[in-house]
Amino acid sequence: MSKTTKIKNIVSIERVWIESEYPLEGVLTYGSKDLGVIICHPHPLYGGSMRNNVVFALERGFLELNFTTLKFNFRGVEKSGGSYDDGRGEEKDLFSAIEFLESKLNPSAKLVLAGYSFGAWICAKVSIQKDKVSDLLLVSYPFSVYEKEPVMRFKKRIYFLCGSMDEISPVSQNMEVYQSLPQPEKSITILETDHFYIGMEREIVDFVKRAFA
């Protein structure tokens, strides 16, 4: 990923601990207190963590737009407490992360949830239970594994990013869901890649900047 773009207005970067049912380790980077995003990583049982390349790229894109960003490890990942809970406990973790980030932002701040693969599923499930969420960004939502209902029920701005060679999140399934969504503020972007986006990090940054500028 290119390092030529400077990120302005960052006040500080902090390693933080989020209180859920278990302590969750995270990284909070301050930008505007009127713009916030939480980024959720891929599947904990397959090496997913907040240090994932797609998570880094999403974070970078939002930082270049002056968002305050929060990424964290779900329970059982790296130094976060607890153990994998098949999505149930991970939902609770995200609710706790939202409360944590909200405490750092202005009351009327924009709040975006951005998730990759398993993280996209968790974001979608939580977004329909949390009115404050204004935008939902789904990177390679695994429609081949998880139900599409949470995505269908989200009625605000929604963005899809998927890979043309992705077998876990097939383009055909993304397009089917995208086309059936009623809201006018939606977009879908397809990159020439598989589920892992190796070498496509700058393209992810640019996607975020186009979508949320």
Side-chain angles (χ1 to χ4, degrees), residues 5-42 44 48-82 85 87 89-116 118-139 150 154 156-159 204-205 207-209 211-213:
T5 303
K6 293 183 178 180
I7 300 175
K8 300 178 180 179
N9 303 319
I10 292 177
V11 176
S12 65
I13 302 173
E14 296 181 8
R15 183 187 179 198
V16 297
W17 290 96
I18 301 163
E19 289 302 320
S20 183
E21 291 183 326
Y22 306 94
L24 308 174
E25 65 171 336
V27 174
L28 176 70
T29 306
Y30 286 97
S32 169
K33 288 191 174 183
D34 291 318
L35 301 169
V37 60
I38 298 175
I39 303 165
C40 293
H41 66 72
S49 80
M50 66 177 175
R51 305 179 207 289
N52 173 269
N53 66 311
V54 174
V55 171
F56 273 119
L58 292 171
E59 178 188 39
R60 176 80 187 209
F62 281 106
L63 287 174
E64 290 188 11
L65 294 174
N66 198 31
F67 275 70
T68 291
T69 67
L70 175 64
K71 60 184 180 180
F72 70 98
N73 282 328
F74 286 120
R75 59 185 62 200
V77 176
E78 295 184 344
K79 295 183 180 179
S80 290
D85 194 32
E90 288 78 10
E91 279 189 66
K92 297 176 183 177
D93 294 343
L94 181 50
F95 275 115
S96 297
I98 291 172
E99 291 181 6
F100 178 88
L101 182 59
E102 284 181 324
S103 73
K104 307 295 182 180
L105 301 174
N106 292 329
S108 61
K110 178 188 185 77
L111 178 62
V112 178
L113 296 185
Y116 167 38
F118 173 87
W121 177 54
I122 300 299
C123 285
K125 292 203 296 178
V126 168
S127 70
I128 58 177
Q129 303 174 64
K130 188 72 176 179
D131 290 339
K132 186 70 180 290
V133 176
S134 62
D135 301 73
L136 184 59
L137 193 169
L138 305 174
V139 180
F154 186 75
K156 300 177 187 177
R157 288 183 294 270
I158 190 166
Y159 308 85
I204 296 173
V205 173
F207 159 75
V208 170
K209 293 174 68 176
F212 290 90

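All heavy atoms count here, side chains included; hydrogens, waters and symmetry mates do not.
- Rounding to the nearest 0.5 Å places NE2 of His41 at 8.0 Å from CD of Glu78.
- Across all their heavy atoms, Val27 and Met50 have their closest contact at CG2-CE, 4.0 Å.
- Look at Glu14 and Lys104 and you find no salt bridge, because none of the NZ, NE, NH1 or NH2 atoms lies under 4.0 Å from a carboxylate O.
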Practice task
Any chance you could lay out the side chain to side chain contact (heavy atoms under 4.5 Å, CB included) test for Ile98 and Leu113, step after step, and finish with the verdict?
Solution key: CA-CA 9 Å; Ile98 291 172; Leu113 296 185; 4.1 Å; yes
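- When every heavy atom of Leu137 is checked against every heavy atom of Phe62, the shortest pair comes out as CD1-CZ, 3.9 Å.
- Here the OG atom belonging to Ser20 is positioned 9.0 Å from the CD atom belonging to Glu99, to the nearest 0.5 angstrom.
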Problem - From CA spacing to verdict: side chain to side chain contact (heavy atoms under 4.5 Å, CB included), Asp93, Ile18 - result: CA-CA 9 Å; Asp93 294 343; Ile18 301 163; over 6 Å; no
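- Enclosure of atom NZ in Lys156 by more than 12 non-hydrogen atoms of other residues, nucleotides or ligands within 6.0 angstrom is indicated.
- Residue Ala114 comes nearest to Val37 through the heavy atom pair CB-CG2, 4.1 Å, listed as atom of the first residue, atom of the second, then distance.
- The shortest side-chain heavy-atom distance between Val55 and Pro42 falls under the 4.5 Å cut-off.
- Each of Glu25, Glu91, Glu21, Glu19 was scored for a salt bridge (charged side-chain N to carboxylate O under 4.0 Å, His left out) with Arg75, with one residue passing: Glu21.
- In this pair, Phe67 and Phe212 present their aromatic rings perpendicular. The plane angle is above 60°, beyond the 30 to 60° band.
- Here the side chain of Ser134 pairs a donor or acceptor atom with the backbone of Leu111 at under 3.5 angstrom.
- Summarising the geometry, atom CG belonging to Leu138 is positioned 13.5 Å from atom OH belonging to Tyr116; distances are rounded to the nearest 0.5 Å.
- The distance from atom CZ of Phe56 to atom CD1 of Ile39, rounded to the nearest 0.5 Å, is 10.5 Å.
- For Glu59, the side chain to side chain donor-acceptor pair (under 3.5 Å) partners at least two apart in sequence or on another chain are Lys71.
- Rounding to the nearest 0.5 Å places CG of Leu136 at 4.5 Å from OG of Ser127.
- Note that OG1 of Thr68 is 7.5 Å distant from CG of Leu35, once rounded to the nearest 0.5 Å.
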Practice task
Give the intermediate values and the outcome of side chain to side chain contact (heavy atoms under 4.5 Å, CB included) for residues Leu28 and Leu101.
Solution key: CA-CA 8 Å; Leu28 176 70; Leu101 182 59; 3.9 Å; yes
Exercise for the section: Go through Lys110 and Asp135 one step at a time and tell me if the side chain to side chain contact (heavy atoms under 4.5 Å, CB included) criterion holds. Expected result: CA-CA 8 Å; Lys110 178 188 185 77; Asp135 301 73; 2.8 Å; yes
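- Residues Val126 and Val133 fail the side-chain proximity criterion, which asks for heavy atoms closer than 4.5 Å.
- Between Gly61 and Val205 the shortest heavy-atom distance is CA-CG1, 3.8 Å.
- If you check the side chains of Asn66 and Ser32, you find no donor sitting under 3.5 Å from an acceptor.
- Annotation: side chain of Phe72 is in contact with side chain of Ile38 (closest heavy-atom distance under 4.5 Å).
- For the pair Val139/Leu58, a side-chain contact is recorded, criterion being any heavy-atom separation below 4.5 Å from C-beta on.
- When all heavy atoms of Leu24 and Ser80 are compared, the closest pair comes out as CA-OG, 3.4 Å.
- Ring centroid separation for the pair Phe118 and Phe74 comes in under the 6.0 Å cut-off.
- Considering every non-hydrogen atom in both Leu94 and Cys40, the closest pair reads CD1-SG, 3.7 Å.
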